[in-house]
Number of protein chains: 2
Amino acid sequence: MPWPNEQKGRSRERILQSAFDLFAARGYDKVTISEVMREAQMTHGAFYNHFGSKQELYAEAIGAGARASALAKLQQTEARGAELLTEFMRIYLNEAHVRQEHSPCPLAFLATDVANGEGEVRGAYTQVFKRLISIMSRTLPADTPRRRERALAVSAMMIGGVAVARALDDERTVKALLHACQVMGEGLLGEGLT
Amino acid sequence: MPWPNEQKGRSRERILQSAFDLFAARGYDKVTISEVMREAQMTHGAFYNHFGSKQELYAEAIGAGARASALAKLQQTEARGAELLTEFMRIYLNEAHVRQEHSPCPLAFLATDVANGEGEVRGAYTQVFKRLISIMSRTLPADTPRRRERALAVSAMMIGGVAVARALDDERTVKALLHACQVMGEGLLGEGLT
DNA sequence: GTCTATAGAAAGATAGAC
DNA sequence: GTCTATCTTTCTATAGAC
């Protein structure tokens with residue numbers, strides 16, 4: 001079933017990308033619908049032809065952020081297994097990610113923001129998180145002890161590391177934190193990963 | 001030097017506690033000064049006799065939250081060394097903490113919220129984080145390899161675990177996440193801790 | 001220091017022309 | 001579908017009485 005109007009789909013996609021970038025950079029409440037629409041090259045009156053409310057936009061933007069994320073792009077390369085995981089951690093626990101120099105991880109950039117949101121927003125976040133755990137768990141060797149627990153704990157460490165780094169004032173501490181998470185994360189996923 | 005007016009100090013302390021509780025529960029932008037003052041049993045006109053702006057209140061509330069935290073209380077007991085660390089992790093990575101049934105950790109509850117704040121707010125957050133790392137690091141046995149890196153990585157895991165858990169929709173995933181962080185965290189801090 | 005009252009600005013959502 | 005214009009509400013911050 002092709003789209004009734006291809007132009008509408010493109011506008012919608014521009015709004016979602018603009019919304020995710022802005023929400024990640026400044027948080028839900030500090031971003032206005034006018035700004036999102038301006039970034040998407042429309043005026044704010046057009047917004048309600050695509051979404052019913054700002055919260056609905058937020059929920060959908062989380063999914064859009066996940067589709068644009070580093071992990072989604074990595075999965076389109078030929079990297080698999082241990083190589084995929086170490087490369088993912090290297091990109092994730094990086095100052096360029098903290099500074100939002102590429103499309104960031106919604107789980108890290110929106111964590112406490114989402115906790116203050118409504119049901120549909122938290123539902124979208126939960127879906128993205130479960131999907132990450134599923135991918136990380138399946139990517140670990142089948143005989144890894146406590147495979148799912150490792151995936152959960154390392155994810156929490158990565159998300160927490162980036163979320164905290166973004167709040168910090170002190171570049172030296174940021175560097176040390178990201179590095180520590182990378183070293184200890186690789187340890188948890190199995191010493192001889194690469 | 002005793003306080004010029006003891007009553008003023010008490011009002012100020014009430015405002016700070018009320019502010020931290022509300023900011024942690026709903027996020028900076030979703031809390032109004034009127035609400036904070038009402039919870040502190042005053043009207044909002046009195047606010048500006050204590051603080052110059054809402055952001056200034058936020059910065060100070062982060063410090064107040066740290067002083068009221070589980071770790072601060074634990075340090076006033078006789079628990080030390082491995083016992084202190086395992087007890088801390090048990091209280092921290094707990095559903096009661098996620099549900100804010102006791103004074104929560106500002107690092108976990110305000111992480112992405114602080115990242116969107118101004119300089120003084122991030123400065124206060126950084127101070128609290130550095131202090132946590134210092135305490136955890138010093139509490140580990142002096143001959144622990146990579147002592148500071150362990151403290152940083154486990155802190156990120158704990159903060160990330162609680163921050164993500166608060167955003168999640170699904171109680172089963174929350175339980176699994178908190179448990180995984182506890183098991184893997186104890187592993188990182190040294191197998192034979194207790 | 002605390003109160004009531006209000007100024008002044010901002011933002012979500014809607015109406016109606018094109 | 002997108003635009004301009006506006007309704008309506010909410011909130012920070014201030015003024016001035018007590």
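Lettering of chains follows the sequences in order, A, B, ..., and the numbering in each one begins at 1. All values below come from the heavy atoms of this structure, side chains included, with hydrogens, waters and symmetry mates left out.
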Quiz item: How would you list, by chain and number, every residue that makes a side chain to side chain contact (heavy atoms under 4.5 Å, CB included) with A/Asp170, sequence neighbours excluded?
Solution: A/Arg172, A/Thr173, B/Thr126, B/Lys130
Self-check item: Whole-Å gap separating C1' (D/dT4) and CE (A/Met42)
Solution: 16 Å
Self-check item: Residues A/Tyr125, A/Phe129; criterion ring-ring contact (aromatic ring centres under 6.0 Å, His included); working and verdict
Solution: CA-CA 6 Å; A/Tyr125 186 94; A/Phe129 182 70; 7.1 Å; no
Exercise. Provide, to the nearest angstrom, the distance between the CE atom belonging to B/Met37 and the P atom belonging to C/dT4.
Key: 11 Å
For residues 59-74 of chain A, tabulate all N or O donor-acceptor pairs below 3.5 Å that involve a side-chain atom, not counting sequence neighbours.
from, atom 1, to, atom 2, distance (Å)
A/Glu60, OE1, A/Arg12, NH2, 2.6
A/Glu60, OE2, A/Arg12, NH2, 2.7
A/Ser69, OG, A/Ala66, O, 2.8
A/Ser69, OG, A/Ala72, N, 3.4
A/Lys73, NZ, A/Ala68, O, 3.3

Quiz prompt | Residues that B/Gln55 engages under side chain to side chain contact (heavy atoms under 4.5 Å, CB included), provided they are two or more places apart | solution = B/Tyr28, B/Ser53, B/Glu118, B/Glu120, B/Val121
Shorter than 3.5 Å, N or O on both sides, protein versus nucleotides 9-13 of chain D: list them out with atom names.
from, atom 1, to, atom 2, distance (Å)
D/dT12, OP1, B/Lys54, NZ, 2.8
D/dT12, OP2, B/Ile33, N, 3.1
D/dA13, OP2, B/Tyr48, OH, 2.7
D/dA13, OP2, B/Lys54, N, 3.3
D/dA13, O5', B/Tyr48, OH, 3.2
D/dA13, N6, B/His44, NE2, 2.7

Quiz item: What pairs of residues pass the salt bridge (charged side-chain N to carboxylate O under 4.0 Å, His left out) test when at least one of them lies in residues 24-41 of chain B, not counting sequence neighbours?
Solution: A/Asp29-B/Lys30, A/Lys30-B/Asp29, B/Arg26-B/Glu35
Residues 87-96 of chain A side chain polar contacts: donor-acceptor under 3.5 Å, at least two apart:
from, atom 1, to, atom 2, distance (Å)
A/Glu87, OE1, A/Arg90, NE, 3.1
A/Glu87, OE2, A/Arg90, NH2, 2.9
A/Asn94, OD1, A/Ala96, N, 2.9
A/Glu95, OE1, A/Lys175, NZ, 3.1

Quiz item: Looking at residues at least two apart in the chain, or sitting in another chain, which of them share a side chain to side chain contact (heavy atoms under 4.5 Å, CB included) with A/Ser134?
Solution: A/Arg138
Practice problem: Mind checking side chain to side chain contact (heavy atoms under 4.5 Å, CB included) for A/Ser137 and listing every partner two or more places apart, or none if nothing turns up? | Solution: A/Arg147, A/Arg148, A/Ala151
Exercise. For DNA chain D, find the residues of residues 13-24 of chain B with a heavy-atom distance under 4.0 Å and give them by number; none if there aren't any.
Key: none
Quiz item: Toward the 5' end of DNA chain D, which comes first, B/Gly45 or A/Gly45, by nearest nucleotide?
Solution: A/Gly45
